[in-house]
Each structure stands twice: as C-alpha cells, then as structure tokens.
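A short worksheet on the structure shown next.
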Amino acid sequence: MVYLERLRRLNGLPLSLDLTYLAREAGEPLFDEDLERNDIFVLLERVTGRPLGVAEVTLEAVNADPHTAAVLDVPRGAALLMVERLTHLSDGRPVDLEFIRFRGDRLTMRGHLRRHQDGREE
C-alpha cells in the first residue's frame, strides 16, 4: 500500500486535504512523477496500462481532527465536507482510495439529477 497526502490550494488558500491510499503496483511508480502538476487519475492509467472504471463515492460532514485543522488552517472540530472515493480499474480491481476533506467555507458543490420515466435517477 502506498500513502499520499496532498494539500490543494485555491488562490493560495488551503482548500482540501487529500489522503490517498494506492495499490502498491500502481502507487510506487508515482513517486517518479510530478504529482503537483499532473492529474493522478491520468498517471494511474498510464502506469497501470488500463483505463479507470467505476468509482464508489460517499459524501459526508465531518469535524476537523487536529492534523487536518492545522493543514487547512481551521479550528479543531470545524465542520468539513469529506468525499470518500474508491476507484477501480476497468477490470474491477480497486486501485485508489481517497478521503478528501474540504473547507466548507471555500467550496460550493453543484450537480444535476435526471429522473427517467421508469423512476430511475442519474
């Protein structure tokens, strides 16, 4: 298992703390890559030789633990928005598990839902 921790900024201000766990065979080659300027998913597809497939995503509110609070420059216990995402390669193998904690005061999330005649939503 390979662990990456990345701080993302918006206009120089802390926006999110990304805690990423990668399968060893996919993660170790990333140490030789420029992770600041490249999309990790593009790099994963290149090093594995496979396209990414599906991802399971969970969105929840959490409180800032001491480490996250310090990195994101928020008070300990501050409300954060956390995305948990498990991404699989196209063959179904899990390759990337991320816990992304966002400062809620610097983020707006939007989406579109479409309801089909049979009651399904996309």
Side-chain angles (χ1 to χ4, degrees):
M1 184 74 54
V2 171
Y3 173 74
L4 297 174
E5 185 172 306
R6 296 172 292 155
L7 171 63
R8 300 204 186 251
R9 296 180 179 273
L10 179 63
N11 298 323
L13 300 172
L15 173 65
S16 72
L17 177 62
D18 300 12
L19 310 177
T20 305
Y21 300 87
L22 300 158
R24 175 168 282 177
E25 65 275 6
E28 286 182 351
L30 296 182
F31 291 134
D32 296 327
E33 301 290 342
D34 182 356
L35 296 173
E36 284 189 35
R37 293 181 184 82
N38 291 296
D39 183 310
I40 197 165
F41 286 158
V42 171
L43 295 173
L44 283 172
E45 289 179 322
R46 188 171 75 218
V47 302
T48 63
R50 293 192 155 282
L52 295 176
V54 299
E56 297 143 25
V57 179
T58 303
L59 182 65
E60 67 179 292
V62 298
N63 294 334
D65 60 78
H67 174 69
T68 302
V71 172
L72 293 180
D73 193 25
V74 296
R76 182 187 288 184
L80 303 173
L81 187 60
M82 185 180 78
V83 173
E84 177 183 330
R85 178 174 54 202
L86 176 60
T87 303
H88 302 263
L89 295 173
S90 59
D91 64 6
R93 286 181 293 157
V95 68
D96 177 292
L97 174 61
E98 295 180 282
F99 298 91
I100 308 167
R101 290 166 173 85
F102 292 95
R103 285 185 56 147
D105 60 339
R106 296 191 175 145
L107 176 75
T108 301
M109 296 188 99
R110 291 189 177 91
H112 297 278
L113 295 176
R114 178 170 305 172
R115 184 152 176 88
H116 294 271
Q117 295 296 330
D118 63 7
R120 291 179 303 120
E121 291 185 0
E122 289 182 350

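Under a 4.5 Å side-chain heavy-atom cut-off, the cluster of Ile, Leu, Val, Met, Phe, Trp and Tyr residues that includes L13 has no other member.
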Review point. Can L17 and E5 be said to form a side-chain contact (heavy atoms from CB on, under 4.5 Å), step by step?
Key: CA-CA 7 Å; L17 177 62; E5 185 172 306; 3.6 Å; yes
Point to revise | Residue pair L4, I40: steps toward the side-chain contact (heavy atoms from CB on, under 4.5 Å) verdict | key: CA-CA 11 Å; L4 297 174; I40 197 165; 3.7 Å; yes
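Annotation: side chain to side chain contact (heavy atoms under 4.5 Å, CB included) contacts of R24 (sequence neighbours excluded): E28. E36 is linked by a side chain to side chain contact (heavy atoms under 4.5 Å, CB included) to D34, counting only residues two or more places apart in sequence or in another chain. In this structure L59 satisfies the side chain to side chain contact (heavy atoms under 4.5 Å, CB included) test together with L81, V83, M109, sequence neighbours excluded.
In this structure, the separation between CD on E98 and OG on S16 is 9.5 Å, given to the nearest 0.5 Å. Rounding to the nearest 0.5 angstrom, the gap separating the CG atom in L19 from the OG1 atom in T68 is 6.0 Å. Remark: L15 CG to F102 CZ distance equals 6.5 Å, nearest 0.5 Å. Rounding to the nearest 0.5 Å gives a distance of 14.0 Å between OG1 of T87 and CZ of R93.
In the hydrophobic clustering of this structure, Y3 groups with V71; members are Ile, Leu, Val, Met, Phe, Trp, Tyr whose side-chain heavy atoms approach within less than 4.5 Å, directly or through other members. The cluster map of Ile, Leu, Val, Met, Phe, Trp and Tyr, joined by side-chain heavy atoms under 4.5 Å apart, puts M82 and L97 in the same cluster.
With respect to the salt-bridge test (charged N to carboxylate O, under 4.0 angstrom), the residues E60 and R101 do not qualify.
Looking at L7 and L72, their side chains come closer than 4.5 Å, going by heavy atoms from C-beta outward. R85 is listed as a side-chain neighbour of I100, based on a closest heavy-atom distance under 4.5 Å. L22 is listed as a side-chain neighbour of T20, based on a closest heavy-atom distance under 4.5 Å.
The side-chain hydrogen bond (donor to acceptor under 3.5 Å, both in side chains) contacts involving residues 72-84 comprise nothing, where partners must be two or more places apart or lie in separate chains.
Between Y21 and F99, the ring planes lie perpendicular to each other; the angle is over 60°, past the 30° to 60° tilted range.
The minimum heavy-atom distance between L10 and R106, with the atom names listed, is CD2-O, 4.2 Å.
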Show me the donor-acceptor pairs, under 3.5 Å and distance only, between side chains in residues 41-57 and residues at least two apart or in other chains.
from, atom 1, to, atom 2, distance (Å)
E45, OE2, L52, N, 2.9
R46, NH2, E33, OE1, 2.7
R46, NH2, E33, OE2, 2.7
T48, OG1, L44, O, 2.8
T48, OG1, R50, N, 3.3
T48, OG1, R50, O, 3.3
R50, NE, D91, OD2, 3.2
E56, OE2, H88, NE2, 3.0

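Looking at R8, its side chain never comes within 3.5 Å of a backbone N or O of D18 through a donor-acceptor pair.
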